[in-house]
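Only heavy atoms go into these numbers, but all of them, side chains included; no hydrogens, no water, no symmetry mates. Quantities reported herein were computed from a predicted structural model and do not represent experimental measurements. Every chain is numbered from 1, with letters handed out A, B, ... down the list of sequences.
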Amino acid sequence: MRMSHLFGRTLREAPGDVELPSHRLMLRAALIRPLGAGIYSLLPLGWRVVRKVEQIIREEMNAIGGQEMLMPVVHPADIWRESGRYESVGPEMSRFKDRGERDMVLAMTHEEVVTDLARQEINSYRQLPMLVYHIQTKWRDEPRSRGGLIRVREFTMKDSYSLDRDEAGLDVQYHNHWRAYERIFRRVGLDFVVVGADTGMMGGSASHEFMALSPYGEDIVLICPSCGYADNREVATFRREAPANEPLLPMEDVETPNATTIQALADYLQIPLAKTAKAVFFKGDSGRFVFAVIRGDLEVNETKLRKAARETGLTPATTEEIRAIGAEPGYGSPVGVRDALVVIDESVRDTPNLVAGANRPGWHTRNTNAGRDYQPDVVADIAAAEAGFPCPTCGEPMIAERAIEVGNIFKLGTRYSKALGADYLDEEGQSHPIVMGSYGIGSGRVSATIVEQHHDERGIVWPVTVAPYEVSLLWIGSAEDTAPQEAADRLYHELEEAGIEVLYDDRNERAGVKFNDADLIGNPIRVSVSPRTLERGEAEIKLRSAAEAQFVPLSEVVPAVRVMLDELYARLTGEAAD
RNA sequence: CGGGGUGUGGCGCAGUUGGUAGCGCGCGGCGUUUGGGACGCUGAGGUCGGAGGUUCGAGUCCUCUCACCCCGACCA
């Protein structure tokens, strides 16, 4: 490709309001352009990257028996009504009516369509197991898109769906995907961890997320450096201390003016945070008031609380709602509240004589004890794990890292097949629901995440497997002296004939412009010729990732580039590798 | 949805107490240059996000509105 004809110009300066490195660089390097909030065009260079990512995904999905297909982006609302998600999914799903006043939706995922297909096509255990996938546009009207291609509203995702007769079959497909995903992310050059995750709106029994570590990640993962335990913070647990063994003391009210926070309370009474009980109030989607109690030194994890309370969602309660159940903001206590689901953390069950609120302003109560003074409706782990907390499996301190979710795998089970009636007949002629799994990778997000992990102050440093082109070729010198251009033209044709992808900067620009653009775009190998190199009949070859260049005779450029490319590819695809 | 911020030429920005819009980069032409974002001359390009209002006069003041960005809520 000649840069003089390339659609899309590099930008010397990025728009002032973009923050993420990947967002800045992808704009500057002419990979993407915004159309609206969370909606992007992929320019030719960006599209090449995404297509390479998708091709790697395709190869690995095919390798585990996946069959590629394509399902529609516009769905009749009916199949979403059948699964129950037409009602349960909120405004992130966009709905509209067609000219016949029929309810339609824009696809945010494709479980319903696959299940609909499965009930038509699959009748017998003889047809199972099956694995289908597609790479298709999704629309999710996110309340807040941000960060370039990391979090967008319109995006492209590879989603695969496994169909099996039983859990054992699902386990195999789940494991196959796990392995395939590891190969995919290794091949595109991502540094990642696999963590246990919440199953969220998908339902289902198990889920893992593939997390690329990045300071700009939106998720937090807890990792144990000692034993390898890793979980999304939403579900991460930690080893609890043994229950304290001390006699239960009688309750006693104590005046605590202005002690509306746990810290103020502990300071005022001169006690550790761990001797206080903190009340946190929520209103559940069901309309129920959820009264969570946790020890003062811990924080409530809303995902865990949501599960413990069996709510689909929680919102912080208002002052009026809190007073309506007989509690008092800042001085809340589970003792004596009414019309509320009381959920206590294990820490509250296991720590006697906690100081809690007295449900009246300015007063707390000493020596409250769950079970004696009030009956919790649920005792559960609702505590957020933090960096430094002991690992649940080995007890060593864990670390917390920010990460970007680049892939996930879900065991759906029979949630959708039961709802839509996707059954098969077994050897005895008995009907059973198909056991399903779903597995996603966002190709645009993967591309942006690669940039997050592979850039320097000059621009992007693409892993060779996903670079827009393998080689940036350029000539420098004056336009009058045609020797460098002619040499570069010859190299361009030689490289292309050798099957090497070349982005040829044939523009009549100064050296600085060409070098800076080459660095910005970040193709892994740069080949340049100039009057200086031509004096010795040589070209300069430089790795984007290296500081030093080497010089080779013009006739050796193609084989030299070939060798360097082979090494770069081997590093990412070879089993051994660094 | 809450909080904060920004909208002035393609990009980055300036614009005073309200007085008829400017700078850098980029873009076209000519010339000089040519190994890390050159220089000179010249030229094109803006209903100042939109609507309404105050005023003799609004980029500037007021009201409403739209878009985008950041934080949070939210989220396969």
Side-chain angles (χ1 to χ4, degrees), chain A residues 8-20 23-24 27-28 30 33-39 85 89-93 108-111 138 140-148 150-153 155 157-161 197-204 206-211 216 218-219 232 234 282 285 302-303 306 312-316 405-412 437-442 445 458-459 474-482 484-485 505 507-520 526 528-535 539-540 542 549:
Chain A
R9 306 167 40 83
T10 57
L11 271 35
R12 186 177 294 199
E13 295 174 280
D17 48 17
V18 308
E19 305 253 315
L20 278 186
H23 192 188
R24 279 191 92 71
L27 286 170
R28 286 229 291 136
R33 290 290 180 259
L35 180 63
I39 309 175
R85 287 159 112 191
V89 174
E92 67 264 32
M93 181 159 75
M108 47 188 293
T109 175
H110 285 82
E111 279 78 15
K138 308 279 189 285
R140 290 183 195 173
D141 195 357
E142 297 282 351
R144 185 183 160 208
S145 56
R146 69 191 108 181
I150 299 284
R151 185 176 194 76
V152 286
R153 295 195 293 170
F155 60 101
M157 179 161 148
K158 184 288 298 177
D159 38 329
S160 43
Y161 302 90
D198 180 39
T199 48
M201 75 163 188
M202 305 297 309
S207 165
H208 285 85
E209 292 170 339
F210 288 71
M211 308 294 275
Y216 293 96
E218 300 184 278
D219 286 282
N232 192 309
E234 291 177 345
F282 293 95
D285 280 356
E302 275 193 45
T303 306
R306 201 187 65 221
T312 54
L314 296 170
T315 34
E405 181 191 345
V406 286
N408 56 50
I409 54 180
F410 269 96
K411 289 188 181 180
L412 295 174
S438 88
Y439 316 85
I441 295 180
R445 180 183 281 190
R458 312 194 64 83
L474 58 93
W475 60 267
I476 47 195
S478 77
E480 281 73 51
D481 176 9
T482 56
Q485 301 183 51
D505 196 343
R507 300 173 301 174
N508 184 18
E509 290 285 354
R510 299 173 67 84
V513 173
K514 293 189 178 185
F515 285 145
N516 280 310
D517 271 348
D519 287 345
L520 176 60
R526 187 185 77 196
S528 37
V529 291
S530 70
R532 215 154 78 191
T533 68
L534 289 178
E535 274 175 27
E540 178 194 282
K542 182 182 167 299

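Base engagement by A:Glu540 is indicated by at least one non-hydrogen atom pair under 4.0 Å involving a base atom. At a threshold of 4.0 angstrom between heavy atoms, the contacts of A:Glu234 with the nucleic acid are absent. Across all strands, A:Asp517 comes closer than 4.0 Å to base atoms (heavy-atom distances). Here A:Arg33 lies out of heavy-atom contact (under 4.0 Å) with every strand.
No side-chain donor-acceptor contact under 3.5 Å links A:Lys138 to the backbone of A:His110. Listed for the A:Arg140 side chain is no donor-acceptor partner under 3.5 Å among the backbone atoms of A:Arg153. Formation of a donor-acceptor pair under 3.5 Å by the A:Lys158 side chain with backbone atoms of A:Tyr439 is found in this model.
One C1' atom belongs to B:C13, the other to B:A21, and the distance between them is 14 Å to the nearest Å. Nucleotides B:C62 and B:U54 are separated by 15 Å at their P atoms, to the nearest Å.
The listed nucleotides are B:A73, B:C11, B:G35; the one nearest the side chain of A:Glu13 is B:C11. Nearest nucleotide to the A:Ala479 side chain, out of B:C74, B:U34, B:G37: B:U34. The side chain of A:Arg151 approaches B:C75 more closely than any other nucleotide in the set B:U34, B:G37, B:C75. Nearest nucleotide to the A:Ser478 side chain, out of B:C74, B:G36, B:U34: B:U34. Checked against B:G36, B:C74, B:G37, the side chain of A:Arg28 finds its nearest nucleotide in B:G37. The side chain of A:Arg144 approaches B:C70 more closely than any other nucleotide in the set B:G35, B:C70, B:C27. Listed nucleotides B:G35, B:U34, B:G37 differ in distance to A:Glu480; the shortest reach to its side chain belongs to B:U34. For A:Val513, the side-chain atoms get nearest to B:A38 when compared with the rest of B:A38, B:G35, B:G36.
In this structure, A:Ala14 and A:Asn516 both approach RNA chain B, and ranking their closest nucleotides by distance from the 5' end singles out A:Ala14. For A:Ile441 and A:Leu11, each mapped to the nucleotide of RNA chain B holding its nearest heavy atom, the one lying further toward the 5' end belongs to A:Leu11.
Judged by Watson-Crick or G-U wobble contacts below 3.5 Å, the nucleotide B:G7 has B:C66 as its partner. Nucleotide B:U32 has B:A38 as its partner under the Watson-Crick or G-U criteria, with both atom distances under 3.5 Å.
A sub-4.0 Å separation between OP1 or OP2 of B:A38 and a side-chain N or O of A:Arg510 is present. Taking only side-chain nitrogens and oxygens, A:Arg12 comes nearer than 4.0 Å to OP1 or OP2 of B:G26.
Side-chain atoms of A:Glu509 and base atoms of B:G37 include no donor and acceptor less than 3.5 Å apart. For a distance-only test at 3.5 Å, the side chain of A:Arg526 qualifies as a donor-acceptor partner of the base of B:G36.
If you measure from atom NZ of A:Lys514 to atom C1' of B:A38, you get 15 Å, rounded to the nearest angstrom. Remark: P of B:C74 and CG of A:Leu314 are 9 Å apart, rounded to the nearest angstrom.
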Which atoms of nucleotides 65-69 of chain B (N or O only) lie under 3.5 Å from a protein N or O atom, and what are those distances?
unit_1 : atom_1 : unit_2  : atom_2 : d
B:C68  : OP1    : A:Ala37 : N      : 2.9
B:C69  : O2'    : A:Asp17 : O      : 2.8

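The side chain to side chain donor-acceptor pair (under 3.5 Å) test with A:Asn516 singles out one residue from A:Arg458, A:Glu509, A:Arg12, and that residue is A:Arg458.
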Base-contact (B) and sugar-phosphate-only (S) positions in nucleotides 41-46 of chain B, heavy-atom cut-off under 4.0 Å, - elsewhere: ------
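Under the ring-ring contact (aromatic ring centres under 6.0 Å, His included) criterion, A:Phe282 pairs with no residue, sequence neighbours left out.
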